[in-house]
2 protein chains.
Amino acid sequence: MISQELLEKYGALKKSFQKNEPVFEEGNLPTHYYQIISGEIKMSNYNDDGREFIQGIFYKKQSFGEPPLFLNQRYPANAIAVEESTILALNKPSFTKLLEENPAISIQIIENLAQRLYYKSIMSAEISTHDPEHRVLKLIDYGILYFNFPKDNNGYLIHLTRQQIGDLTGLRVETVIRAIKNLEKKGELKIIKRKVYR
Amino acid sequence: MISQELLEKYGALKKSFQKNEPVFEEGNLPTHYYQIISGEIKMSNYNDDGREFIQGIFYKKQSFGEPPLFLNQRYPANAIAVEESTILALNKPSFTKLLEENPAISIQIIENLAQRLYYKSIMSAEISTHDPEHRVLKLIDYGILYFNFPKDNNGYLIHLTRQQIGDLTGLRVETVIRAIKNLEKKGELKIIKRKVYR
DNA sequence: CTCGTTTTATGATTTAAGTCATAAAATGTA
DNA sequence: TACATTTTATGACTTAAATCATAAAACGAG
């Protein structure tokens, strides 16, 4: 995360997005660095028969969509606002200038990319070699660590729908629902008013 | 990739690894930056019942295992030599110093991480939402682009075993073998003396 | 060259997850 | 507050890929 002041110093502008409004679309060339001020942005792909795969969900203070920006490659996925969101957008030339003039930021970017690569490494192994219950639980545990889910007296509230969990793990809703029920039976998590706690 | 001279200037040492010898193991804390001079290194996980998932295969001039090094986190996977390999290893304090004193290297690191994140993004979507043939073909096409497979008059030679393709895509050998046969029937690739060409 | 190991190959069978159908809560909104 | 939409839920059925069994070809070490 880069401080709002620094981004604005280099000319970053605030933009608002309605719920379900796209920030950028698969196949387009990147033009800006994006960082969330408030709201929630989802990056996802759709396969030929319309099935969604969520690459990640990003919250306030997080940036998204940088890899293709650095590589001058087309976006491999869509980014859309899950809820009304405000985002800082800095155009590429200014962003490059910012990086050149602030070497310490590069280290932050490296750490951020490393973190996301670490997540993808774990999840790709989980997704491809483990059973649904294991996948769902790992995703939840990862979310607790890095999506900063809120904690109350029932434990961490997993604010993802069953459908979203499915789209993040490559499982179908029904399978996720069944897996969560089984995990509850095993005492791995709680379901209170249909909400999942861990 | 960082030039061998620069790495050696900061004290990097050459190390040799026998076939199947581990470079580092899952759960250990990172101590060095590693870059391949020659040979082939595989990073992979094993699930509870011994099934392997290959995170990636790295060839000469490529570095591997940096994300946990930057994050001070334990390795999420093992790295082992697929064949006899020579590697440059630079310890963490020296590597940090190198980065601080050579800001341009940071940009290279960023691009490298961005590239790998891009690969993981594509593959994770492919793996979770598509059928075996699609997965295998995407992996092969990616490999042609980034693993620099050799090209001869039959096309690009995919020098991965069926087992490795399976471990990279989360499929079983038999499924990969059948998928490859079908892809040959469809004219998407060639099988000559059991070797796969595209 | 020989023998053991690895890789590719193919058919039969099983099974876990996907699909389909249907519905009741919960949530949002006019 | 009423109604449409979304989310969660459950049972029955189907299917694609995993599993199991077996073997031939290729490769590699001695």
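Since the model is a prediction, treat every value here as computed from it, not as a measurement. Each chain gets a letter, A, B and so on, in the order its sequence line appears, and its residues count up from 1.
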Participant: Taking CG from Leu160(A) and C1' from dT7(D), how many angstroms apart are they, rounded to a whole number?
Facilitator: 14 Å
Participant: For DNA chain C, which residues of residues 188-198 of chain A approach it to below 4.0 angstrom with any heavy atom?
Facilitator: Arg194(A), Lys195(A)
Participant: Output yes when Lys9(A) and Glu101(A) qualify as a salt bridge under the 4.0 Å nitrogen-oxygen rule, no when they do not.
Facilitator: no
Participant: Tell me, do Ser63(B) and Tyr33(B) make a side-chain contact under 4.5 Å, heavy atoms counted?
Facilitator: yes
Participant: Check the pair Glu52(B), Tyr46(B) against side-chain hydrogen bond (donor to acceptor under 3.5 Å, both in side chains), reporting the backbone distance first and the verdict last.
Facilitator: CA-CA 4 Å; Glu52(B) 185 176 18; Tyr46(B) 296 89; 3.3 Å; yes
Participant: If I take atom CD in residue Glu174(A) and atom P in nucleotide dA12(D), what distance separates them, rounded to the nearest angstrom?
Facilitator: 15 Å
Participant: Measure the distance from CG on Asp167(A) to C1' on dT7(D) and round it to the nearest whole Å.
Facilitator: 13 Å
Participant: Ignoring hydrogens, what is the shortest heavy-atom contact between Ala81(B) and Phe17(B)? Give both atom names and the distance.
Facilitator: CB-CB, 4.0 Å
Participant: Could you tell me whether Glu66(A) and Arg116(A) have a side-chain N and a carboxylate O separated by less than 4.0 Å?
Facilitator: yes
Participant: On DNA chain C, reading 5' to 3', which nucleotide is the first and which the last to sit with an atom under 4.0 Å from a heavy atom of chain B, could you check?
Facilitator: dT7(C) to dA12(C)
Participant: So, do His32(B) and Phe95(B) have ring centers that fall under 6.0 Å from each other?
Facilitator: no
Participant: Could you grab the distance from atom NZ of Lys185(A) to atom CG of Asn182(A), nearest 0.5 Å is fine?
Facilitator: 5.0 Å
Participant: Under the ring-ring contact (aromatic ring centres under 6.0 Å, His included) test, which residues partner Tyr156(B), sequence neighbours left out?
Facilitator: none
Participant: Between C1' on dA29(D) and CG on Asn20(B), what's the gap in Å once rounded to a whole number?
Facilitator: 15 Å
Participant: Find the bend of the helix from dC1(C)-dG30(D) to dA30(C)-dT1(D) as the angle between its two terminal axes (five pairs each), to the nearest 10°.
Facilitator: 60°
Participant: dA25(D) C1' sits how many Å from Ile177(B) CD1, rounded?
Facilitator: 12 Å
Participant: Rounded to the nearest 0.5 Å, what separation is found between the CG atom of Asp141(B) and the CD atom of Glu188(B)?
Facilitator: 8.5 Å
Participant: Can you find a pair of side-chain heavy atoms, one from Leu139(A) and one from Ile158(A), that are under 4.5 Å apart?
Facilitator: no
Participant: For Arg178(B), give me all partners under salt bridge (charged side-chain N to carboxylate O under 4.0 Å, His left out), at least two apart in sequence or on another chain.
Facilitator: none
Participant: Determine, stepwise, if the pair Lys138(B) / His130(B) fulfils side-chain contact (heavy atoms from CB on, under 4.5 Å).
Facilitator: CA-CA 10 Å; Lys138(B) 274 275 168 170; His130(B) 290 83; over 6 Å; no
Participant: Pick out the pairs of N or O atoms, protein on one side and nucleotides 16-18 of chain D on the other, that lie under 3.5 Å.
Facilitator:
from    : atom 1 : to        : atom 2 : distance (Å)
dA18(D) : OP2    : Thr175(B) : OG1    : 2.2

Participant: Is there a side-chain contact between Arg198(A) and Leu137(A) in this structure, where contact means two heavy atoms from C-beta onward sitting under 4.5 Å apart?
Facilitator: yes
